[in-house]
Amino acid sequence: MMLDIRAIRANPDEFRIGMTRRRMDPTIIDKVLALDEEWRKDLAEVERLKAVRNKASEDIARKKKAKEDATSEIEEMKKVSDEIKALDESVRSADEALKALLLELPNKPHDSVPDGLSEDDNVDMRHVGEVPHFSFDPLPHWDLAEALGILDIERAVKITGSRFVLYKGLGARLERALASFMLDVQTEHGYTEIFPAFIANDASLVGTGNLPKFGDEMFKLEGLPYYLIPTAEIPLTNYYRDEILSADMLPVKFAGYSSSFRSEAGSAGKDTRGLIRLHQFQKVELVKLVAPETSYQELESLVDDATRILDILELPYRVIEICTGDLGSKETKKYDVEVWLPNQKRYREISSCSNFEDYQARRANLRFRRDETSRPEFVHTLNGSGLAVGRTIAAILENGQQQDGSVRLPKALVPYMGGVEVIPAP
RNA sequence: GGAGUGAUGGCCGAGUAGGUCGAAGGCGCUCGCCUGCUAAGCGAGUAUACGCCCAAAAGCGUAUCGACGGUUCGAAUCCGUCUCACUCCGCCA
């Protein structure tokens with residue numbers, strides 16, 4: 001389950017409005033309600049029959065024990081059992097259809113999310129840092145990187161294929177340094193560092209909402225129910241899947257470093273050069289499991305944790321709020337953090353911070369108990385990148401480039417680079 | 001990869017010639033009693049999901065003994081498939 005079927009039953013209009021705000025067809029809600037009704041009708045009947053059968057079974061057992069004859073009851077129960085079998089089947093298929101439909105429904109946007117049709121309607125929240133001015137035409141990061149000998153795209157394509165890269169020398173070191181630096185900052189923010197497996201099973205992907213709907217965005221292992229993770233969100237959010245946490249464990253904060261694998265189906269022709277859109281990239285992902293009443297305030301602090309990296313690296317960025325028309329299907333509210341790329345003369349997404357409320361928690365059966373005696377409740381889950389390493393490298397190169405082709409590194413990175421302050425011009 | 005053993009409630013652990021078992025017992029936990037304090041002791045309680053009812057609570061019902069399927073009037077108990085864990089062998093970083 002993903003949306004609460006009881007909430008839909010109680011307030012179908014709210015959900016119809018949610019669909020409409022997302023520019024999707026609200027009549028799907030009526031399909032859900034019809035299926036739900038059918039399922040409950042059959043369920044009530046089959047449960048009634050089972051109650052009859054259970055009673056009769058007790059009688060039969062008692063008679064047998066007393067060495068009495070029970071053949072007439074047994075005969076009668078044969079008929080009831082056949083009915084149960086048939087009804088069970090229709091309950092099962094109605095339930096399956098309902099679950100399948102619910103799994104495909106998107107989450108309901110939060111009331112505070114601005115209405116809009118597309119990304120053009122996203123709302124600028126704030127700009128931080130000075131956009132640098134160059135006395136020369138700033139180069140794109142891929143030209144810089146290849147000239148500096150720290151990125152070898154041609155050979156990466158030979159070894160694997162397009163949309164893969166290979167870092168070399170100080171480039172490889174920069175990748176490593178950034179991962180280390182980001183993890184250090186985020187653990188200081190109270191996140192527990194996690195290094196997960198890069199392959200997850202289908203149940204985990206259903207838990208986070210990547211399946212069943214978005215299977216074609218991932219790489220699947222042939223013949224196995226395993227996928228290369230498209231983000232460390234998968235292992236981090238599923239860490240406590242099917243568990244009940246105690247309230248004092250909340251908020252759970254994980255920072256996971258991993259490669260992320262994306263098939264990029266449907267993005268042919270977009271960002272074909274450089275480090276912006278790859279089949280594999282590394283990032284530090286932040287995941288929080290929180291008490292429901294705190295999730296929107298946790299979302300704000302999540303954005304702060306992500307942008308802190310850019311503050312320290314002195315890279316200019318902006319934060320935008322995503323409108324209903326551009327909101328991903330799992331999210332109730334989302335902010336994107338975008339870093340300035342001088343060559344493209346525009347901001348590009350480097351982190352995306354979202355609240356899912358209980359959407360993933362329902363799917364992953366991820367609950368907590370307020371105190372010993374209270375019933376389990378679903379947690380709220382959030383995540384955001386903190387940050388994507390490849391895009392950070394692109395930003396460092398483009399913003400730090402100097403006339404002679406060398407690149408000045410952010411001061412905070414120097415200790416992680418073994419004292420290197422500048423990647424020297426070739 | 002080969003051979004074997006196993007999977008029961010928060011934990012440990014009974015229960016296999018099928019019958020009133022959601023499941024003995026212990027531990028833990030909660031509440032109460034008792035006790036200068038603590039410890040011990042005594043009593044009661046202690047799963048989850050869904051449906052019905054409903055303002056809510058209570059109540060009623062169904063399901064759940066790794067998962068799925070089968071046999072049967074009836075399965076924790078029998079049969080099949082799968083998953084996972086452990087042990088030994090092989091292989092390997």
Side-chain angles (χ1 to χ4, degrees), chain A residues 1-12 32-103 195 197-207 211 221 223-227 235 238-250 259 358-379:
Chain A
M1 258 217 282
M2 57 129 253
L3 291 178
D4 184 356
I5 181 63
R6 279 177 295 194
I8 297 177
R9 252 179 239 154
N11 293 304
V32 168
L33 290 173
L35 269 173
D36 177 51
E37 190 119 343
E38 185 189 330
W39 168 69
R40 282 188 295 158
K41 192 183 102 248
D42 288 350
L43 184 67
E45 177 60 10
V46 79
E47 287 191 347
R48 190 188 64 81
L49 288 175
K50 283 180 180 175
V52 168
R53 183 179 68 184
N54 287 346
K55 281 262 171 4
S57 281
E58 284 180 31
D59 285 344
I60 292 168
R62 206 174 296 123
K63 286 200 172 182
K64 289 235 168 178
K65 199 163 253 177
K67 306 271 191 235
E68 289 174 35
D69 179 61
T71 42
S72 70
E73 283 90 340
I74 289 176
E75 281 309 310
E76 200 167 320
M77 280 310 109
K78 275 186 189 173
K79 280 185 226 130
V80 174
S81 258
D82 286 343
E83 271 181 76
I84 289 174
K85 199 166 270 184
L87 257 178
D88 255 341
E89 180 53 32
S90 62
V91 168
R92 195 199 55 76
S93 70
D95 182 52
E96 201 168 88
L98 180 61
K99 292 264 166 63
L101 196 55
L102 284 173
L103 275 176
F195 184 76
F198 294 179
I199 294 175
N201 61 31
D202 49 4
S204 293
L205 288 153
V206 170
L211 289 178
L221 269 62
L224 294 170
Y226 292 168
Y227 293 78
N238 278 283
Y239 183 86
Y240 284 120
R241 169 154 55 84
D242 292 322
E243 296 189 36
I244 300 173
L245 311 180
S246 59
D248 58 18
M249 295 168 72
L250 303 181
S259 291
D358 64 3
Y359 186 91
Q360 293 182 322
R362 284 179 182 282
R363 293 168 161 253
N365 193 26
L366 190 33
R367 295 176 295 171
F368 79 107
R369 224 187 271 278
R370 285 185 192 275
D371 54 67
E372 302 273 358
T373 55
S374 55
R375 299 166 60 82
E377 293 173 54
F378 291 109
V379 300

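Proteins come first, then strands; the chains are lettered A, B, ... in the order of their sequence lines, and each starts at number 1. FYI, side chains are in, hydrogens and waters are out, and symmetry mates aren't considered; it's all heavy atoms of this structure.
With a cut-off of 3.5 Å on both Watson-Crick or G-U wobble distances, the partner of B/rU64 is given as B/rA47. The partner of B/rC91, taking Watson-Crick or G-U wobble pairs whose two distances both stay under 3.5 Å, does not exist in any strand shown. Across all strands shown, B/rA75 forms no Watson-Crick or G-U wobble pair with both key distances under 3.5 Å. Across every strand in view, B/rC27 sits in a pair with B/rG10 that passes the Watson-Crick or G-U test at under 3.5 angstrom. When both pairing distances are held under 3.5 Å, B/rA40 makes no Watson-Crick or G-U pair with any nucleotide shown.
Heavy atoms of A/D59 sit nowhere under 4.0 angstrom from any nucleic acid atom. Looking at heavy-atom distances under 4.0 Å, A/I60 makes contact with a base.
Nucleotides B/rU8 and B/rA23, compared at atom C1', are 9 Å apart to the nearest Å.
Taking 4.0 angstrom as the limit, A/R53 places a side-chain polar atom (N or O) nearer than this to OP1 or OP2 of B/rG74.
Between B/rC73, B/rU71, B/rU20, one nucleotide has an atom nearer to the side chain of A/A61 than all others, and that is B/rU20.
A donor and an acceptor atom, one from each side chain of A/N54 and A/S57, are nowhere located under 3.5 Å apart.
Rounding to whole angstrom units, NZ of residue A/K64 and P of B/rU20 are separated by 14 Å.
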